[in-house]
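Below: the structure, in structure tokens.
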Amino acid sequence: MAVRAITKAEVVDGCKIGVILSMGDQSSEAAFLRLVADHMAAEMRLRLGRVGAGWLFILADGSPHPPPDLTASVSTGKGSKPPPNVIFILGATEELVQPRRAPYVLQIYPDFSDFLGLDERTFWTGLVRNLGDSIYDEAALWDVVRKAARKPIDPLLPPPGSVSIDQMLAGARAKLQRVTPNQAYRELQANGAALGAPVILVDIRPQAQREKHGGIKGALCIERNVLEWRLDPRSDARLPVADRYDLVVIVVCQEGYTSSLAAYSLQQLGLLNATDIIGGYEAWRLAGLPVDTPEEVILASQGRDQRSLASRAGSVV
């Protein structure tokens, strides 16, 4: 196991890194992983110690926990907590191991239980609860070692691998078949006849922006912060219209920037026909297409508020 982990290790900023998430019998897994960790540390010192290269590995017990004690839960009102899992962090230097444990391991696992100790100041041992309960645990641990292995960066320079908002926007738009306001209007009028799937226009602007600038007649208003939950067919909070993955969602914002990122996010959910309007609401209005004036938007909002109050009053009665 140790040799395989070393062979499959990645290199980040000249530091060799790796993760072992073992899924054995929890009663014996900690002792087994300690043997693997000792062997791995000796092997890495032998391989890289002479050249002074860095290395950092995490070995963790991801053994499944037994089901909660339902008897204790009924009698005391509290369920028994699962036992913590052991985690080992070993590296070439104290700098790689010691300072990294708090900002990264505890960030991923806030229910960290205990710090057991250091061996030669480069071998860290601890206990973590809920480790192994999620299918994303191994990916989270890889994220820990990748971040911890990076060399200190200049705070005024972008970190390696990061992208600017312009690059992010260009990347999103490369995956969209963006439409002009007139094209969007024609698709809405045809009701998806040419595409063989329903078409909806979604205005993601906040209410204050719609009340200031106006709205689009017939648009479904879903503010950006809840968009994915309302349109993901797998979401418990989805709207009734979001019941199929071929739905054509045309997203509109004020000027056509936020809408591109939002449409790409919907594509990642599986709504591959999602796109947005070039130029946003401003382009739609300048094209002379149907809009609701700011006054109409405010009146409609007040009407919804009154209906909501009446509904709540009726439910109390």
Side-chain angles (χ1 to χ4, degrees), residues 158 161-233 235 237-239 241-301 304:
S162 65
V163 297
S164 68
I165 185 58
D166 289 337
Q167 291 171 312
M168 185 184 296
L169 184 63
R173 285 176 172 173
K175 299 173 179 65
L176 303 175
Q177 294 183 348
R178 307 184 73 208
V179 294
T180 65
N182 284 299
Q183 288 172 326
Y185 183 71
R186 287 195 295 268
E187 289 188 16
L188 289 164
Q189 292 298 104
N191 197 26
L195 302 172
V199 180
I200 59 172
L201 179 63
V202 177
D203 190 340
I204 62 170
R205 295 175 300 157
Q207 181 176 334
Q209 199 168 33
R210 286 183 277 112
E211 289 181 354
K212 179 179 180 181
H213 298 282
I216 295 178
K217 288 188 180 296
L220 180 61
C221 296
I222 308 175
E223 295 196 7
R224 178 66 190 91
N225 62 325
V226 296
L227 180 69
E228 288 83 356
W229 284 267
R230 297 295 181 261
L231 294 182
D232 181 0
S235 170
R238 70 173 179 85
L239 297 176
V241 70
D243 60 351
R244 50 195 292 171
Y245 285 94
D246 63 348
L247 185 68
V248 180
V249 183
I250 303 175
V251 185
V252 63
C253 66
Q254 187 65 23
E255 296 181 343
Y257 293 92
T258 304
S259 58
S260 295
L261 299 178
Y264 177 56
S265 178
L266 294 178
Q267 286 197 2
Q268 291 179 301
L269 296 178
L271 298 166
L272 302 183
N273 290 328
T275 189
D276 74 321
I277 292 180
I278 299 169
Y281 171 79
E282 278 300 307
W284 179 282
R285 182 182 62 82
L286 291 174
L289 297 171
V291 297
D292 290 322
T293 65
E295 293 75 18
E296 289 173 323
V297 172
I298 294 172
L299 287 173
S301 175
R304 283 193 300 271

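Please read all numbers here as calculations on a predicted model, not as lab measurements.
For the atom pair Leu266 CG and Ile204 CD1, the distance stands at 8.5 Å (nearest 0.5 Å). Note that the CD atom of Glu211 and the CD1 atom of Ile298 stand 5.0 Å from one another [nearest 0.5 Å]. Atom CG of Asp232 is separated from atom CZ of Arg238 by 9.5 Å, given to the nearest 0.5 angstrom. Summarising the geometry, atom CG belonging to Asp243 is positioned 11.0 Å from atom CG belonging to Leu231; distances are rounded to the nearest 0.5 Å. Residue Tyr264 holds its OH atom at 11.0 Å from CG of Leu269, rounded to the nearest 0.5 Å. Atom CG of residue Leu188 and atom CG of residue Leu289 lie 10.0 Å apart, to the nearest 0.5 angstrom.
Remark: Tyr245 pairs with Arg234 by the side-chain hydrogen bond (donor to acceptor under 3.5 Å, both in side chains) rule, at least two apart or across chains. Remark: Ile165 engages Met168, Leu261 in a side-chain contact (heavy atoms from CB on, under 4.5 Å) (not counting sequence neighbours). With sequence neighbours excluded, the residues forming a side-chain contact (heavy atoms from CB on, under 4.5 Å) with Thr293 are Glu295, Glu296, listed by chain and number. Here Ser164 pairs with Gln167 under the side-chain hydrogen bond (donor to acceptor under 3.5 Å, both in side chains) rule; sequence neighbours left out. With sequence neighbours left out, the side-chain contact (heavy atoms from CB on, under 4.5 Å) criterion links Pro206 to Gln209, Glu223. Residues passing the side-chain hydrogen bond (donor to acceptor under 3.5 Å, both in side chains) test with Gln177: none are found, sequence neighbours excluded. Residues satisfying the side-chain contact (heavy atoms from CB on, under 4.5 Å) test with Ala219, not counting sequence neighbours, are Leu201, Asp203, Ile216. Under the rule for a salt bridge (charged side-chain N to carboxylate O under 4.0 Å, His left out), the partners of Arg178 that lie at least two apart in sequence or sit in another chain are Asp276. The side-chain hydrogen bond (donor to acceptor under 3.5 Å, both in side chains) check on Glu228 picks up Arg224, Ser265, with sequence neighbours excluded.
Contact record, Ala263 with Ala274: O-CB, 3.6 Å, taken as the closest heavy-atom pair.
Taking the side chain as every heavy atom from C-beta outward, Ile277 and Pro181 approach each other to under 4.5 Å. When side chains are defined from C-beta on, Arg173 counts as touching Ser260, because their heavy atoms get closer than 4.5 Å. The shortest distance between side-chain heavy atoms of Leu271 and Pro233 falls below 4.5 Å. Looking at heavy atoms from C-beta onward, Leu220 lies in side-chain contact with Leu239 at the 4.5 angstrom threshold. Using a 4.5 Å cut-off on side-chain heavy atoms (C-beta onward), Val179 and Ile278 make no contact. In this structure, the side chains of Asn273 and Val249 stay at 4.5 Å or more apart for every pair of heavy atoms. In this structure, the side chains of Arg210 and Cys221 come closer than 4.5 Å at one or more pairs of heavy atoms.
The local environment of NZ in Lys217 is crowded, with over 12 non-hydrogen atoms from other residues, nucleotides or ligands closer than 6.0 Å.
For the side-chain hydrogen bond (donor to acceptor under 3.5 Å, both in side chains) condition, the pairs that include at least one residue of residues 182-196, sequence neighbours left out, are Thr180-Gln183. For the side-chain hydrogen bond (donor to acceptor under 3.5 Å, both in side chains) condition, the pairs that include at least one residue of residues 279-288, sequence neighbours left out, are Gln254-Glu282, Glu282-Arg285. Evaluation of the salt bridge (charged side-chain N to carboxylate O under 4.0 Å, His left out) test over residues 244-257, restricted to residues two or more places apart or in two chains, returns Arg244-Asp246.
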**Asked** Given Ile250 and Val199, is the side chain to side chain contact (heavy atoms under 4.5 Å, CB included) satisfied, shown in steps?
**Response** CA-CA 7 Å; Ile250 303 175; Val199 180; 3.8 Å; yes
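In this structure a side-chain-to-backbone donor-acceptor pair under 3.5 Å is present from Ser235 to Trp229.
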